[in-house]
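In each ligand, atom 1 is the first atom listed, and ligand 1 is the first ligand listed. Heavy-atom basis, side chains included; hydrogens, waters and symmetry copies ignored.
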Amino acid sequence: MTTTATINLTDRAFLLAAVRAQDPTLNQTLRQAARARCDEIFGREVYLRGLIEFSNICRRNCAYCGLYTGNSNIERYRMTPEAIVERAGVVRDLGFATVVLQSGEDPWFTLPILCDIVRRIKAETGLVVTLSIGEMPFGDYKALREAGADRYLLRHETSNPELYAKLHPGHTLATRLDCLKSIRDCGYELGTGFMVGLPGQTDEDLLADLDLLVKLQADMVGIGPFIANPDTPLAGSADGNIEVVLNLVALIRLLLPGANIPATTALDSLRSDGRELGLNAGANVVMPIMTPPDVKTQYRLYPNKRCLDHDPTVCSGCTRRRLEAGGYTHSFNPGWSKQRQMP
Ligand code: SAH
């Protein structure tokens, strides 16, 4: 263990030590530096985004995810377009400026239906709309952008092509990366990210994940620990390590200073103060779950998701209290990415 730590983002040995997270001095120095950088750019304001998980039906078979096609232990639901638009109104009425619409890859939501939902939300609420609904052809991303969607989140999940193929049978990293390129080319703010601690993932893989984020110049980066879901083929695997996740959050803040980085639900699920730790390591966004209470419990990507028994509108107040206790203020600013303004 060292007593001082020097941060050098171009030194591979430093980066490897950072992703191993075994030196408490290094961990602390890194996270404090990242928080200081975040303070310079975003202050103590934390941008809030309302998350609506509108369908847990999915045609994909991602080995880690509780929504994967083969899981018969969850009750499937699909909100109607009317209910989604109405819920976006609730999110707006609570003060949010941004709504994130997330779902499994549910074929019922055809392009015209999705475009109609986006158009109606834009017209009726004026919210900034972020989509997180998976892979589609270029033309679909383009049509949704033209319908008014502003941002798109699609994690690359892991930058190791072999590991990617193993976790997503029949799918490739190359297709995922093509989608990310399409999203960028359509003019969305681009969000991506990865899971930390996937079975078979190495420290080198994590460094490659960082390289990819920098190459993509992501506007938003969501990362979180892999959490083993007992209803999936990865049942019984070890969960990701929170110290590693926190060091990666800090590295991402230093590498992409103007990016929006959420303290993710997965981080908060692994530890009750996970959100605060994420913010203290350089995150600047929180996404309270605004999915209606009757279906919220069924959007089970991984176990121990927090606050599932609460009415989402209550979570919004709870979120603000937690932020204040941690020395932050909540912000309903639309919170556009500052990454592209970085020198
Ligand atoms: N269908 C959309 C949304 C996927 S769910 C899409 O493809 O983008 C959102 C994210 O949850 C995923 O991108 C994945 O990184 C994360 N996730 C899923 N299962 C998980 C698990 N067991 N542990 C941690 N994160 C998980």
Side-chain angles (χ1 to χ4, degrees), residues 49 51-71 73-74 76 78 100-109 114 130-136 140-141 144 149 151-159 163-164 167-168 171-173 175-180 182-183 188 190-201 206 209 212-213 218 220-242 244-245 248 262-271 274 278 287 289 291 298-306:
R49 328 278 203 205
L51 174 64
I52 303 176
E53 301 147 324
F54 64 90
S55 167
N56 70 353
I57 296 169
C58 192
R59 64 191 166 115
R60 302 271 301 230
N61 54 355
C62 311
Y64 44 83
C65 183
L67 307 191
Y68 90 104
T69 319
N71 183 8
N73 286 340
I74 53 169
R76 302 285 172 167
R78 169 186 294 140
V100 181
L101 302 179
Q102 191 179 82
S103 70
E105 290 193 11
D106 179 349
W108 187 87
F109 287 94
L114 289 168
T130 304
L131 298 176
S132 175
I133 53 182
E135 295 182 12
M136 38 180 97
D140 291 15
Y141 287 128
L144 285 163
R151 303 172 170 151
Y152 206 103
L153 301 175
L154 185 79
R155 292 183 175 183
H156 67 264
E157 313 295 2
T158 172
S159 59
L163 181 58
Y164 187 96
L167 296 172
H168 308 91
H171 296 274
T172 65
L173 178 64
T175 307
R176 199 83 175 167
L177 297 180
D178 280 347
C179 288
L180 289 169
S182 301
I183 291 166
Y188 290 92
L190 173 72
T192 190
F194 55 94
M195 281 170 286
V196 179
L198 288 162
Q201 190 180 40
L206 294 172
D209 286 317
L212 180 57
L213 298 179
M220 303 172 277
V221 182
I223 69 160
F226 158 72
I227 303 176
N229 186 327
D231 293 337
T232 65
L234 297 182
S237 306
D239 292 339
N241 178 311
I242 193 160
V244 176
V245 176
L248 282 161
T264 54
T265 316
L267 192 55
D268 212 39
S269 300
L270 213 54
R271 251 178 76 161
M287 294 164 50
I289 300 173
T291 309
Q298 293 308 318
Y299 199 81
R300 254 186 289 150
L301 307 174
Y302 42 78
N304 301 324
K305 242 173 112 181
R306 301 236 297 148

Which heavy-atom pair separates Tyr299 from Gln102 by the least distance, and what is that distance?
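In terms of heavy atoms, the two residues are closest at OH-OE1, 2.9 Å.
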
Determine the minimum heavy-atom distance between Tyr68 and Cys62, stating which atoms define it.
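The answer is CB-O, 3.4 Å.
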
Only counting residues at least two apart or in another chain, list the ones meeting side chain to side chain contact (heavy atoms under 4.5 Å, CB included) with Arg59.
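Scan of Arg59 (side chain to side chain contact (heavy atoms under 4.5 Å, CB included), adjacent residues dropped) gives Glu105, Pro107.
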
Counterpart residues, side chain to side chain contact (heavy atoms under 4.5 Å, CB included), relative to Arg78 (two or more places apart)
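Checked Arg78 against side chain to side chain contact (heavy atoms under 4.5 Å, CB included); matches are Ser55, Ile57, Asp106, Trp108, Phe109.
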
For Ser237, what residues pass the side chain to side chain donor-acceptor pair (under 3.5 Å) criterion, not counting sequence neighbours?
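Checked Ser237 against side chain to side chain donor-acceptor pair (under 3.5 Å); zero matches.
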
Determine, using ring centers only, whether Tyr141 and Tyr152 are less than 6.0 Å apart.
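That pair passes the under 6.0 Å test.
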
Kindly print each ligand 1 N/O atom paired with any protein N/O atom under 3.5 angstrom away, one pair per line, or none if nothing qualifies.
unit_1	atom_1	unit_2	atom_2	d
ligand 1	1 (N)	Ser103	O	2.9
ligand 1	7 (O)	Arg176	NH2	3.4
ligand 1	13 (O)	Glu157	OE1	3.4
ligand 1	13 (O)	Glu157	OE2	2.6
ligand 1	15 (O)	Arg155	NH1	2.9
ligand 1	15 (O)	Glu157	OE1	2.6
ligand 1	22 (N)	Tyr64	O	2.9
ligand 1	22 (N)	Ile227	O	2.8
ligand 1	23 (N)	Ile227	N	2.9

